[in-house]
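One structure below.
To find a chain, count down the sequence lines: A is the first, B the second, and so on, and within it residues start at 1.
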There are 2 protein chains.
Amino acid sequence: MPVPPPLQRSRIFDGLTDAEREQWLGRATRVTLKRGETLARQGEPARHFYLVETGFLKVLQLTVEGTELIVRFVGAGEPFGGVVALGNAPYPVTATATQPSVMRAWTRESLATLLAATPQVSVNIMREMAAHMTDALTRVRELTTARVGPRLAQTLLRLARQCGERHPEGVLISQPLTRQEFADLTGTTLYTVSRTLTKWETMGLLQTRQRLVLLRSLPRLEEIAGSDED
Amino acid sequence: MPVPPPLQRSRIFDGLTDAEREQWLGRATRVTLKRGETLARQGEPARHFYLVETGFLKVLQLTVEGTELIVRFVGAGEPFGGVVALGNAPYPVTATATQPSVMRAWTRESLATLLAATPQVSVNIMREMAAHMTDALTRVRELTTARVGPRLAQTLLRLARQCGERHPEGVLISQPLTRQEFADLTGTTLYTVSRTLTKWETMGLLQTRQRLVLLRSLPRLEEIAGSDED
DNA sequence: CGGCGGATTGAGCCAGTTCAAGTGAAGTGG
DNA sequence: CCACTTCACTTGAACTGGCTCAATCCGCCG
């Protein structure tokens with residue numbers, strides 16, 4: 001069986017030989033998720049390590065009071081649950097499929113065995129974690145300093161990086177997101193998002209059609225993101 | 001030579017035999033820092049992995065514009081630079097001693113060798129990272145939802161956990177911090193911090209003397225931290 | 001068609017920022 | 001030992017970004 005392309009390219013397997021990659025994939029089981037199904041629930045024991053083969057996950061953190069924080073999105077080739085599956089901590093977040101998705105899953109035991117054989121993968125997992133850490137700190141810094149405008153611009157640019165698709169007239173954010181979700185990601189209200197996006201649309205910076213956003217001028221958005229005005 | 005107590009207890013060495021611990025410490029060099037000296041600078045190649053033997057580090061992230069974010073404090077027994085020393089990424093943060101400090105340092109090469117011998121340590125390092133990740137996400141969530149009062153209370157409680165000292169009348173935050181630093185940690189201004197702390201002082205929740213803060217009622221601070229009022 | 005989830009837009013308001021002035025404690029150098 | 005500077009903190013007063021609430025609109029689906 002040929003290895004599916006998105007998994008071939010996964011940065012998790014950087015530095016491995018094809019044989020080693022095969023060895024990993026051979027030990028994995030397949031999990032399919034319908035749109036809206038939950039892969040892992042915050043607080044449950046972390047029994048598996050996952051890699052997205054196709055589809056998209058939304059990672060949430062919930063508070064005791066019920067407010068939720070969108071932590072990140074996980075696309076094809078990206079891992080989920082790497083750290084916790086090794087220790088025996090529960091999942092610190094909830095992961096839900098935002099579209100029909102196929103995952104590869106490894107049990108804690110397989111993971112431990114495979115990591116012992118190919119320790120390079122733990123370095124790769126740590127690198128991913130470090131990147132997420134940097135992202136989280138960037139969000140903290142933005143929230144403490146920047147105004148809403150620049151923050152929203154940053155959010156759009158980050159999403160473009162995470163799930164952007166080339167498009168004749170710019171970059172399309174391929175995930176359909178509601179104004180509320182943009183607001184959650186940016187740390188504001190859906191009203192302010194609506195007003196700001198409308199303003200930018202009239203300025204020709206972007207275009208929205210329903211829940212999709214097409215960025216038409218990355219440079220000007222970057223300019224806004226870096227300034228302290230909007 | 002006996003192993004110094006703070007390193008004995010370090011969670012980084014959880015699950016290791018005494019012999020393995022000795023093996024780690026035997027490969028480490030000692031670095032001493034004066035107050036204000038910088039151990040690692042953001043952007044420089046990460047050549048070492050460190051463990052604090054005595055003292056205290058302040059970890060900062062700097063933006064291109066020069067604003068700085070206090071990421072966390074690192075006390076005795078805690079590691080610094082764990083992830084990046086494995087990949088070959090540069091340090092994503094700057095670490096400065098806030099008091100005279102002694103560090104244990106391992107080169108990338110030693111680290112790789114030792115981790116191969118005692119893989120449990122990588123699990124421990126990942127666990128630390130996961131904890132920091134959770135902290136960062138908690139900060140993000142607070143910044144997007146909570147008012148200043150609860151956030152400041154959370155900051156005080158977090159500091160108490162990170163560097164609190166038992167004291168006859170409560171818990172003393174052992175690090176001297178300016179109002180500006182509290183403001184940076186909380187995501188507000190030094191003026192608001194000053195006003196809020198003054199108010200809480202008159203309510204008997206805490207006491208400040210110069211740059212030190214003594215928390216006199218953790219339960220009431222937790223109550224404020226969890227509410228959406230102040 | 002009506003119902004429903006999402007988006008827009010207007011108006012008012014307030015938490016918290018900003019600016020400004022003043023106090024006090026800790027250095028520093030003559 | 002005392003003037004002078006510096007740094008941290010407090011407090012008052014005014015301003016405002018963006019939140020809140022409410023009304024309305026739009027597109028989709030059964």
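Between the CG atom of A:Leu212 and the P atom of D:dG27 there is a distance of 15 Å, given to the nearest Å. In this structure, A:Leu206 atom CG and C:dA7 atom P are separated by 14 Å, rounded to whole Å. Between A:Phe182 atom CZ and D:dG18 atom C1' there is a gap of 19 Å when expressed in whole angstrom units. Nucleotide D:dC7 holds its C1' atom 13 Å from the CD atom of B:Glu181, rounded to whole Å. Distance B:Arg209 CZ to D:dA8 P: 19 Å, rounded to the nearest Å. Look at CZ on A:Arg147: it is 10 Å from P on C:dT17, rounded to the nearest Å. Whole-Å rounding puts the B:Trp200 CH2 to D:dT10 P distance at 14 Å. Straight-line distance from the CG atom of A:Asp184 to the P atom of C:dG6: 12 Å, rounded to whole Å.
Ranked by how close their nearest DNA chain D nucleotide is to the 5' end, B:Leu177 and A:Tyr191 are led by B:Leu177.
For A:Gln210, taking side-chain heavy atoms from C-beta onward, the closest of the listed nucleotides D:dT11, D:dC28, D:dG18 is D:dC28. For B:Arg195, counting side-chain heavy atoms from C-beta on, the closest listed nucleotide (C:dG16, D:dC9, D:dG12) is D:dG12. Side-chain proximity of A:Thr178 to C:dT18, C:dG6, D:dC9: nearest is C:dG6. Side-chain atoms of A:Thr198 lie closest to C:dT9 of the nucleotides D:dA8, C:dG6, C:dT9. The nucleotide whose nearest atom lies closest to any side-chain atom of B:Val148 is, among C:dG16, C:dT18, C:dT8, C:dG16.
No donor-acceptor pair closer than 3.5 Å links the side chain of A:Arg41 to the backbone N or O of A:Thr94. One N or O on the side chain of B:Ser101 and one on the backbone of B:Gln99 form a donor-acceptor pair closer than 3.5 Å.
Between A:Thr189 and D:dT20 there is no side-chain polar atom (N or O) within less than 4.0 angstrom of OP1 or OP2. Phosphate contact (OP1/OP2 of C:dA15, side-chain N/O of B:Thr192, threshold under 4.0 Å): absent. Between C:dA7 and A:Ser194, no contact under 4.0 Å exists linking OP1 or OP2 to a side-chain N or O.
B:Asp184 and B:Gln180 are linked by a side-chain donor-acceptor pair at a separation below 3.5 angstrom, with hydrogens and angles left out of the test. With no hydrogens or angles considered, a side-chain donor-acceptor pair links B:Arg216 and B:Gln207 at under 3.5 Å.
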Practice item. Determine, step by step, whether B:Glu53 and B:Arg30 satisfy the salt bridge (Lys or Arg N to Asp or Glu O under 4.0 Å) criterion, reporting the C-alpha distance in whole Å, the side-chain angles of both residues, the deciding distance to 0.1 Å, and the verdict. Key: CA-CA 9 Å; B:Glu53 188 171 324; B:Arg30 228 193 215 93; 3.2 Å; yes
